[in-house]
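Labels below follow one simple rule: chain letters A, B, ... track the order of the sequence lines, proteins then strands, and each chain is numbered from 1.
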Number of protein chains: 2
Amino acid sequence: MSKPGQQVISRLRQMILSGELESGQRLAEIPTAEQLSVSRTPVRIAFRTLEQEGLLTKLSGRGYIVRQVTQAEISGSIEVRGVLEGLAARQAAENTLSKAQSNELLQLLKQGDELFTKGTINEQDLATYHDMNQRFHQIIIEASLNPAIAEALSRNEHLPFASVSALAFDRHNLAQEYRRFNFAHMQHHAVFDAISHGQGSRAEAIMREHANATHSYAKIFSQMEENGEKMHVLNNLGTIT
Amino acid sequence: MSKPGQQVISRLRQMILSGELESGQRLAEIPTAEQLSVSRTPVRIAFRTLEQEGLLTKLSGRGYIVRQVTQAEISGSIEVRGVLEGLAARQAAENTLSKAQSNELLQLLKQGDELFTKGTINEQDLATYHDMNQRFHQIIIEASLNPAIAEALSRNEHLPFASVSALAFDRHNLAQEYRRFNFAHMQHHAVFDAISHGQGSRAEAIMREHANATHSYAKIFSQMEENGEKMHVLNNLGTIT
DNA sequence: TTTGTCTATATTGGATCCAATGAATAAAAA
DNA sequence: TTTTTATTCATTGGATCCAATATAGACAAA
């Protein structure tokens, strides 16, 4: 409403991230403009913005395509996220958590505990935990008081994670995902403990280890790649789980 | 020539980084377009691109201003650069340097040795070493074979380093800079040694320590800030020295 | 004096026209 | 048949017009 120009960008971004626009699909200004019922000008700006975000790749003279990512890129991106979030954890520990941050982290941990004491996990729980997880990491990044971290991460936000819907995938592997998520939750406890005790180096080490666990996703995607299954860019996995 | 649109972006970027456009200066589309003898369209795209790069800040309804950075942002950005280049060093060690990369690094180290065995350093040497230094780091980032690192760094490329020209500053502190650069050069030797021996963890640790040395710059800028001296965004310091 | 509202103006946002470019294709020469 | 060259056409790039918006300033009322 207030910013119609931004809406075109958001709309296209959403279409890419949701898989509505498939990876590798060609995109030209005129058809896209017509489809979105706007002129070429906002579409042009959107294309360039999304190219900078790494969601589109420019084909000189033939428009853009939705960026295709390889398993190697996913792995590399996980490593990057690991060191950056590790740094965030360290700096969060070196500063002191605000009362609000501390409380929210504690609450997230508690909610997670309740989820995992049930002993089983269903689809809905998975989605819930995913949101909680995302928030947990976000708070730590904010607590680092270092905006450069979020800035650097923004590049790797969505892009490097390609798959059919992670949740759709998880649906078939609930047992495995239960163990993974439970372990991740334990790591969250450890991260919080280190931060709240001001142990920067320990917090960083745990967070990096935590990130490494995400590599299991990269392997799954690798198998999909070999099977020739279609992948699309997905932001749900743009965080460490 | 081949890409006039990109030229407007480059031109504006250069004007910001060189200090021709001062930090905090307001920028509107029409005057800028007239000044560069182009229409508003390429200028608009350039403004948005540079905003995404972090060189401009948008003032809703009143155009843009050249981004102003604080000493805290500079420090934070150095930390980010440290962990990312640390990761690059680790991954470069885990892979194997290509013959060409290894040779070029060795040559850069040798040239540096010659520079520092003179016992003194002049302005020209300083500029030369600066270029060599930049290349040294660049090669390691490439050798990591992890494009996500360069992508994440691109955000912090220029932005966070604000000052009057670093070289202009250095001119008055040659003796101090000599010691700094000499020490940095020794660290380069150590980084290369670790990488070429496949010692990933050691390479990462040294590179992070190497980055920390850059914090001395942040302190200098901090003093300038207190003195109310004008700072401008400068990319020369966008690397670890 | 202060505060609120209204108006004028500076400034960006979008649409459309024309120019430039580059890729694909067809045709011609080797 | 293969390679080169020329031509066509799809597509982006730039300029300018008009519309929308938000800020700043003036003026009036409390």
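Atom P of nucleotide dT21(C) and atom CD of Gln7(B) are separated by 12 Å, given to the nearest angstrom. Rounded to whole angstrom, the span from the CZ atom of Arg40(B) across to the P atom of dG14(D) amounts to 15 Å. As rounded to whole Å, 10 Å separates atom P of dT25(C) from atom CZ of Arg62(A). Rounded to an integer number of Å, the gap from Leu56(A) CG to dT12(D) C1' is 15 Å. Note: CZ (Phe47(B)) to C1' (dT12(C)) measures 11 Å, nearest angstrom.
Side-chain contact between His188(A) and Asn133(A): present, with at least one pair of heavy atoms (C-beta onward) separated by less than 4.5 Å. In this structure the side chain of Glu22(A) never reaches within 4.5 angstrom of the side chain of Val66(A), judged on heavy atoms.
A close approach under 4.0 Å does not occur between any side-chain nitrogen or oxygen of Arg44(A) and OP1 or OP2 of dT11(D). In this model, the phosphate group of dG13(D) is approached by a side-chain N or O of Arg48(A) to a distance below 4.0 Å at OP1 or OP2. Put simply, Lys58(B) has a side-chain N or O that comes within less than 4.0 Å of OP1 or OP2 on dG13(C). Distances shown here put every side-chain N or O of Ser60(A) at or beyond 4.0 Å from the OP1 or OP2 atom of dT21(C).
Base pairing in DNA chain D gives the following stems of 3 or more Watson-Crick or G-U pairs, range against range and under 3.5 Å: C:1-30 with D:1-30.
For the pair Glu204(A) and Arg208(B), the salt-bridge criterion is met [side-chain N within less than 4.0 Å of a carboxylate O]. Salt bridge Glu51(B)/Arg67(B): absent, no basic N to carboxylate O contact under 4.0 Å.
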Hey, can you pull the donor-acceptor pairs under 3.5 Å for the side chains in residues 41-50 of chain B, sequence neighbours left out?
from     : atom 1 : to       : atom 2 : distance (Å)
Arg48(B) : NH1    : Arg44(B) : O      : 3.4
Thr49(B) : OG1    : Ile45(B) : O      : 2.8

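For the 3.5 Å distance criterion, the side chains of Gln138(A) and Glu142(A) qualify, holding a donor opposite an acceptor.
Thr96(A) pairs by the side-chain hydrogen bond (donor to acceptor under 3.5 Å, both in side chains) definition with nothing, not counting sequence neighbours. Legend: residues meeting side chain to side chain contact (heavy atoms under 4.5 Å, CB included) with Arg26(A), ordered by chain and number and at least two apart, are Leu59(A), Arg62(A), Ile65(A).
Contacts of residues 25-38 of chain B with DNA chain D (heavy atom under 4.0 Å): Val38(B).
Applying the ring-ring contact (aromatic ring centres under 6.0 Å, His included) test to residues at least two apart or on different chains, none of the pairs has a partner in residues 74-101 of chain B.
Each of Ser39(A) and Leu59(B) was assigned the nucleotide of DNA chain C with the nearest heavy atom; the assignment lying further toward the 5' end belongs to Leu59(B).
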